[in-house]
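Please read the structure below before turning to the comments.
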Amino acid sequence: MLPLMNNYIFAALHIPIGWVGVLASERGIQRLGLPQTSPDTALAAIHVSGSNALFDPAHFNGLFKELTAYFSGENVLFDQSLDLASNPPFFQEAWKACRSIPRGETRSYSWLATKAGNPKALRAAGQAMARNPVFLITPCHRVISSNGSLYRYG
């Protein structure tokens with residue numbers, strides 16, 4: 001769980017597939033949860049606790065518009081600042097590479113490991129996708145095994 005200070009902002013956003021929790025620092029989004037059935041479960045899924053963070057759904061209006069457009073079938077290039085600096089450098093590079101995969105296309109873990117700077121780090125690439133903190137912004141569902149399977153997805 002993150003220690004929350006005054007410079008953290010969070011909200012639960014109602015998008016076409018349910019509620020998602022989102023947490024941001026002053027530098028950008030740190031977490032965007034998977035869809036849930038209620039605002040409370042959406043916030044619990046991103047592990048928001050404490051009373052020093054600011055609940056401000058309006059702060060995420062741009063993200064809300066992008067998510068709504070995405071689920072309406074539009075090709076959205078998420079234009080949100082991210083704050084993932086507390087994560088391992090290889091994970092950060094893997095997530096950056098993953099965000100370059102065009103909608104409707106997939107890439108292998110091997111491709112991802114190479115793009116992240118270590119062609120032999122297939123397992124680390126898989127771990128990066130498994131620990132992806134920003135659902136859809138980093139489209140980890142576009143990374144598959146070289147044989148075409150989803151390999152341990154979900």
Side-chain angles (χ1 to χ4, degrees), residues 2 9-48 56-154:
L2 287 177
I9 303 161
F10 70 99
L13 306 176
H14 191 243
I15 62 171
I17 61 170
W19 290 88
V20 293
V22 60
L23 174 71
S25 72
E26 295 169 333
R27 293 181 298 277
I29 295 172
Q30 292 185 326
R31 293 190 192 144
L32 177 62
L34 293 171
Q36 305 293 322
T37 57
S38 73
D40 291 337
T41 56
L43 293 177
I46 60 165
H47 309 290
V48 172
D56 185 7
H59 179 81
F60 301 104
N61 281 343
L63 175 62
F64 173 76
K65 288 176 184 175
E66 288 174 348
L67 289 169
T68 301
Y70 180 89
F71 287 107
S72 295
E74 294 179 35
N75 189 11
V76 175
L77 297 174
F78 289 96
D79 186 29
Q80 300 297 314
S81 295
L82 301 176
D83 179 9
L84 305 175
S86 65
N87 294 281
F90 181 83
F91 282 20
Q92 293 177 54
E93 290 301 315
W95 294 329
K96 181 180 175 183
C98 183
R99 286 191 296 277
S100 76
I101 303 170
R103 185 175 180 172
E105 295 184 23
T106 59
R107 299 291 186 270
S108 69
Y109 290 103
S110 176
W111 175 91
L112 187 65
T114 299
K115 288 291 186 183
N118 187 344
K120 296 181 180 182
L122 298 176
R123 288 181 188 238
Q127 284 298 310
M129 295 303 96
R131 295 181 183 163
N132 174 16
V134 286
F135 157 77
L136 289 181
I137 295 173
T138 299
C140 56
H141 57 281
R142 295 180 188 164
V143 181
I144 60 174
S145 292
S146 57
N147 69 4
S149 70
L150 294 178
Y151 191 71
R152 295 188 181 177
Y153 185 80

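None of the values given here were measured: they were computed from a predicted structure. Along the sequence shown, residues are numbered consecutively beginning with 1. Hydrogens, waters and symmetry mates are skipped; everything else that's a heavy atom, side chains included, is used.
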Under 3.5 Å, side-chain donor or acceptor atoms of residues 128-137 against the rest of the protein: list the pairs with distances, not counting sequence neighbours.
{"from": "Arg131", "atom 1": "NE", "to": "Gln127", "atom 2": "OE1", "distance (Å)": "3.4"}
{"from": "Arg131", "atom 1": "NH2", "to": "Gln127", "atom 2": "OE1", "distance (Å)": "3.2"}
{"from": "Asn132", "atom 1": "OD1", "to": "Val134", "atom 2": "N", "distance (Å)": "3.0"}
{"from": "Asn132", "atom 1": "ND2", "to": "Thr138", "atom 2": "O", "distance (Å)": "2.7"}

For the student: nearest non-hydrogen atoms of [X] and [Y], plus distance:
{"X": "Trp111", "Y": "Ser100", "value": "CH2-OG, 3.7 Å"}
{"X": "Ala121", "Y": "Phe90", "value": "CB-CZ, 3.8 Å"}
{"X": "Ile46", "Y": "Val22", "value": "CD1-N, 3.4 Å"}
{"X": "Pro57", "Y": "Ala11", "value": "CA-CB, 3.6 Å"}
{"X": "Ala85", "Y": "Gln92", "value": "O-NE2, 3.5 Å"}
{"X": "Ala45", "Y": "Gln36", "value": "CB-NE2, 3.8 Å"}

Qualifying residues under salt bridge (Lys or Arg N to Asp or Glu O under 4.0 Å), relative to Arg107, sequence neighbours excluded: Glu105
With sequence neighbours left out, what residues match Arg99 under salt bridge (Lys or Arg N to Asp or Glu O under 4.0 Å)? none
Find out whether [X] and [Y] are in side-chain contact, i.e. whether some heavy atom of one side chain is under 4.5 Å from a heavy atom of the other.
{"X": "Tyr70", "Y": "Ile15", "result": "no"}
{"X": "Phe60", "Y": "Ile9", "result": "yes"}
{"X": "Cys98", "Y": "Pro139", "result": "yes"}

Step through the shown structure and confirm whether more than 12 heavy atoms of other residues, nucleotides or ligands are within 6.0 Å of CZ on Arg27.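 Result for CZ/Arg27: open.
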Should we say atom CG of Asp79 is surrounded by more than 12 heavy atoms from elsewhere, each under 6.0 Å from it?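 Atom CG in Asp79 is not packed in, count stays at 12 or less.
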Roughly how far, to the nearest 0.5 Å, is [atom2] of [Y] from [atom1] of [X]?
{"X": "Leu84", "Y": "Lys96", "atom1": "CG", "atom2": "NZ", "answer": "12.0 Å"}
{"X": "Leu63", "Y": "Gln80", "atom1": "CG", "atom2": "CD", "answer": "5.0 Å"}
{"X": "Ile17", "Y": "Thr68", "atom1": "CD1", "atom2": "OG1", "answer": "10.5 Å"}
{"X": "Leu67", "Y": "His14", "atom1": "CG", "atom2": "NE2", "answer": "12.5 Å"}

Looking at Phe10, I'd like to know if the NZ or CZ of Arg31 sits under 6.0 Å from its six-membered ring centre while staying within 45 degrees of the ring's axis.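 Not flagged: Arg31 not positioned over aromatic ring of Phe10.
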Carefully, step by step, assess Glu66 and Glu74 under the rule side chain to side chain contact (heavy atoms under 4.5 Å, CB included). CA-CA 9 Å; Glu66 288 174 348; Glu74 294 179 35; over 6 Å; no
Answer yes if the side chains of Gln30 and Asp83 hold a donor-acceptor pair under 3.5 Å, and no otherwise.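 Their side chains do contain a donor-acceptor pair, which is all the 3.5 Å distance test asks for.
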